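See below for the structure under consideration.
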Number of protein chains: 2
Amino acid sequence: MFRLSKKVEYAILALQFMSSKQGELCSAKEMSEILSIPYEFLSKSLQILMKKGIVESVQGVRGGYQLSKPADEITINDIITALEDNPSIVECLSHASKEEALACIRSEECSIKNPMIKLQQQVHNIFKNTSLAELSENNLK
Amino acid sequence: MFRLSKKVEYAILALQFMSSKQGELCSAKEMSEILSIPYEFLSKSLQILMKKGIVESVQGVRGGYQLSKPADEITINDIITALEDNPSIVECLSHASKEEALACIRSEECSIKNPMIKLQQQVHNIFKNTSLAELSENNLK
DNA sequence: TATAAATACGACTATTGTAATCGGATATAT
DNA sequence: ATATATCCGATTACAATAGTCGTATTTATA
């Protein structure tokens with residue numbers, strides 16, 4: 001519980017790798033081997049990150065991926081929201097339940113809804129305030 | 001992903017309820033009905049919270065549970081760590097993998113271990129700095 | 001002292017979400 | 001042409017979470 005998914009973990013590893021290879025194209029295969037990540041699994045995530053504008057891809061021989069913007073402009077929150085449908089800390093705060101209206105039985109009179117929203121904002125703020133670049137800096141310390 | 005478990009969510013609801021009934025014993029049955037929580041599921045959590053010293057229990061007829069300390073001395077972190085074995089934001093930071101040594105393939109040269117530890121500390125700080133009492137205050141705002 | 005109402009506790013099942021895999025299509029440098 | 005890459009949907013495998021069941025124990029009170 002309260003754990004980042006492998007999808008996100010792997011994405012962070014790969015994005016950090018690309019960041020270190022500034023400009024060069026990195027193939028999914030290369031990264032999967034170096035970072036010990038299942039190739040198919042990583043590929044799928046990279047494709048999503050591409051659609052979300054976080055990485056750019058070049059197809060064909062000698063193709064690969066590269067960051068589409070500087071590492072200090074990519075936040076952990078960007079990565080999480082790109083890969084996860086419902087990054088809410090409790091089920092009732094997810095998009096799905098908002099639409100379905102009755103997902104939470106306690107609904108209107110729920111005594112922890114507002115507090116949970118506040119907690120969630122705090123957690124998300126951490127992710128919004130941490131960039132890929134900072135992550136790599138922290139590694140050196 | 002990155003979601004509090006139902007176990008924790010229900011526990012927060014129940015503890016908040018007990019906090020509002022200061023001093024009175026609250027039975028698991030009563031709380032499960034009022035808060036729409038499966039009785040067996042809630043009971044189990046309450047028993048764990050009892051062992052961890054967060055609530056006190058009285059057995060037998062007219063028995064029940066009550067907070068063992070003021071609501072402002074119980075943090076969300078206390079509740080989470082009582083109920084969850086491994087509150088780590090990535091698998092490799094869990095107690096289990098520390099012991100088993102090889103749980104993380106990247107192990108020593110992992111480029112995101114330190115950054116993840118820092119992120120985790122920030123998240124945990126939020127939970128450590130939020131008490132049950134504050135949670136209820138937030139609800140009124 | 002029998003009974004009903006409560007906690008205590010382990011084992012089990014069901015459901016869901018995550019992780020991983022598979023098969024095939026498309027693009028492109030050489 | 002071919003090898004190397006991305007692209008993409010479908011499927012399977014696995015693990016974690018959520019929920020249930022059965023039974024034992026405790027205790028107020030009628």
Side-chain angles (χ1 to χ4, degrees), chain A residues 1-11 13-14 18 24-33 36-52 55-66 68 80 83-92 94 96-97 103 105, chain B residues 1-11 13-14 18 24-33 35-52 55-66 68 80 83-88 90-92 94 96-97 103 105:
Chain A
M1 66 79 78
F2 232 79
R3 180 162 297 179
L4 293 173
S5 63
K6 286 285 171 192
K7 204 155 58 169
V8 170
E9 185 183 329
Y10 293 160
L13 278 165
M18 287 182 256
E24 281 179 51
L25 283 175
C26 308
S27 78
K29 183 149 180 282
E30 177 193 9
M31 290 192 282
S32 76
E33 285 167 0
S36 305
I37 300 172
Y39 167 71
E40 319 279 358
F41 198 52
L42 177 59
S43 293
K44 206 187 304 177
S45 295
L46 289 168
Q47 285 157 28
I48 295 171
L49 292 173
M50 193 263 302
K51 283 189 180 169
K52 298 293 170 80
V55 300
E56 291 168 353
S57 71
V58 174
Q59 289 194 25
V61 176
R62 306 199 50 166
Y65 297 90
Q66 62 186 354
S68 66
I80 292 174
L83 295 170
E84 301 287 341
D85 292 333
N86 266 322
S88 57
I89 67 165
V90 281
E91 192 188 355
C92 63
S94 71
S97 53
I105 325 164
Chain B
M1 68 80 80
F2 232 79
R3 180 163 296 179
L4 293 173
S5 63
K6 287 285 171 192
K7 205 156 57 168
V8 170
E9 184 184 330
Y10 293 160
L13 278 166
M18 285 183 258
E24 280 180 53
L25 283 175
C26 308
S27 77
K29 183 151 181 282
E30 177 192 9
M31 291 192 281
S32 76
E33 285 167 0
L35 302 170
S36 305
I37 300 171
Y39 167 71
E40 318 281 357
F41 199 51
L42 177 60
S43 293
K44 208 189 303 180
S45 296
L46 289 169
Q47 284 158 28
I48 295 171
L49 292 172
M50 193 263 303
K51 282 187 181 171
K52 298 294 169 81
V55 299
E56 290 169 352
S57 71
V58 173
Q59 289 193 26
V61 175
R62 306 200 50 167
Y65 298 90
Q66 62 185 354
S68 66
I80 292 174
L83 295 170
E84 302 287 341
D85 292 333
N86 266 323
S88 58
V90 282
E91 191 188 355
C92 63
S94 71
S97 53
I105 325 165

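Worth saying up front: this structure is predicted, and the values here are computed from it rather than measured. To find a chain, count down the sequence lines: A is the first, B the second, and so on, and within it residues start at 1.
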Between OG on residue B:Ser57 and OH on residue B:Tyr65, distance to nearest 0.5 Å:
5.5 Å
Once you round to the nearest 0.5 Å, how far does OG of A:Ser32 lie from CG of A:Leu13?
12.0 Å
I'd like to know if B:Lys44 reaches the base of D:dG19 with its side chain, counting only an N/O donor and acceptor under 3.5 Å.
yes
Record whether the side chain of B:Lys29 comes under 3.5 Å of the base of C:dT7 through a donor-acceptor pair of N or O atoms.
no
Grab the [atom1]-[atom2] distance between [X] and [N] for me, whole Å please.
X       : N      : atom1 : atom2 : result
A:Ile80 : C:dT18 : CD1   : P     : 13 Å
B:Met31 : C:dA5  : CE    : P     : 18 Å
A:Glu33 : D:dT4  : CD    : C1'   : 13 Å
A:Leu83 : C:dT18 : CG    : P     : 12 Å
A:Gln66 : D:dA5  : CD    : P     : 16 Å
A:Arg3  : C:dA19 : CZ    : C1'   : 14 Å
A:Leu25 : C:dT28 : CG    : P     : 13 Å
A:Leu4  : D:dA16 : CG    : C1'   : 16 Å

Is a donor on one side and an acceptor on the other found under 3.5 Å between the side chain of A:Arg62 and the backbone of A:Leu25?
no
So, the side chain of A:Ser5 versus the backbone of A:Val8: is there a donor-acceptor pair under 3.5 Å, distance only?
yes
Nearest-nucleotide pick for [X], side chain only, options being [options]:
X       : options               : answer
B:Pro38 : C:dT7, D:dC8, D:dT20  : D:dT20
A:Gln59 : D:dT20, C:dA19, D:dT6 : D:dT6
A:Arg62 : D:dT4, C:dT30, C:dA19 : C:dT30
B:Lys6  : D:dA3, C:dT7, D:dG19  : D:dG19
A:Phe41 : C:dA19, C:dT30, C:dA8 : C:dA19
A:Met50 : D:dC7, C:dT7, D:dT6   : D:dC7
B:Gln47 : D:dT6, C:dA8, D:dA28  : C:dA8

Closer than 4.0 Å, any side-chain N/O of [X] to the OP1 or OP2 of [N]?
X       : N      : result
B:Tyr39 : C:dA8  : no
A:Tyr10 : C:dT18 : no
B:Lys7  : D:dA16 : no
A:Ser57 : D:dC7  : yes

Charged N to carboxylate O below 4.0 Å: is that the case for A:Lys29 and A:Glu33?
yes
Assign each of B:Glu40 and A:Leu46 to its nearest nucleotide of DNA chain D by heavy atoms, then name whichever residue's nucleotide is nearer the 5' end.
A:Leu46
Would you mind telling me which residue lines up with the more 5' stretch of DNA chain C, B:Gly60 or A:Ser5, judged by nearest nucleotide?
B:Gly60
What pair of heavy atoms forms the shortest contact from B:Leu83 to B:Ser45, and how long is it?
CD2-O, 4.0 Å
